[in-house]
Amino acid sequence: MLDTDGAERLLSRIDRLLGQGRRRLVLDLDGVEFCDSSGVSALVRGHARASAAAGGLRIAAASPQVLKVLKISGLARMFGLKSTVDKLASANTVRS
């Protein structure tokens with residue numbers, strides 16, 4: 001759930017990963033069935049923090065409920081939404 005408590009936990013986790021030197025983060029939101037304005041804010045802030053660290057934040061496998069919130073808010077394109085984590089990973093794979 002991406003409510004106030006979930007948003008705080010998410011930002012804390014993002015900060016830890018960025019602190020460990022990870023720059024390209026993918027959030028699998030398949031099991032997240034609720035996202036309120038604090039959750040949307042956390043996603044935007046997480047994206048900004050990853051971008052500031054010369055990285056990026058993408059969302060994969062968003063549940064229909066979360067996808068609807070992101071589309072209504074106009075954020076779906078910003079996060080490069082894909083239907084599964086595997087599709088996102090393969091989209092970033094360079095093949096020769």
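For the side chain to side chain contact (heavy atoms under 4.5 Å, CB included) criterion with Leu43, the lone passing option out of Leu75, Ile14, Leu2, Val69 is Leu2.
Between Arg23 and Ala50 the shortest heavy-atom distance is O-CB, 4.3 Å. Of all heavy-atom pairs between Leu18 and Ala53, the closest is CD2-CB, 4.2 Å. Scanning all heavy atoms of the two residues, the minimum distance from Asp15 to Arg49 falls at OD2-NH1, 2.8 Å. Taking each heavy atom of Met78 and Arg58 in turn, the nearest pair found is O-NH1, 3.1 Å. Across every non-hydrogen atom of Ser38 and Ala7, the tightest pair is O-CB, 3.4 Å. Listed here is the closest heavy atom pair of Phe79 and Val44: CZ-N, 4.1 Å.
No side-chain heavy atom of Val32 sits under 4.5 Å from any side-chain heavy atom of Met1. A heavy-atom distance below 4.5 Å is not found between the side chains of Val26 and Ile59.
Taken to the nearest 0.5 Å, the CZ atom of Arg13 stands 9.5 Å off from the CG atom of Leu25.
For Ser12, the side-chain hydrogen bond (donor to acceptor under 3.5 Å, both in side chains) partners are Arg16, not counting sequence neighbours.
Cluster partners of Ile72, using a side-chain heavy-atom cutoff of under 4.5 Å among ILVMFWY residues and allowing indirect links: none.
Other residues, nucleotides and ligands contribute only 12 or fewer heavy atoms inside 6.0 Å of the CZ atom of Arg22.
Applying the side-chain hydrogen bond (donor to acceptor under 3.5 Å, both in side chains) test to every pair with at least one member in residues 59-68, sequence neighbours left out, gives these pairs: Ser63-Gln65.
By the rule that hydrophobic residues join a cluster once side-chain heavy atoms approach within less than 4.5 Å of another member, Val40 and Leu27 end up as members of one cluster.
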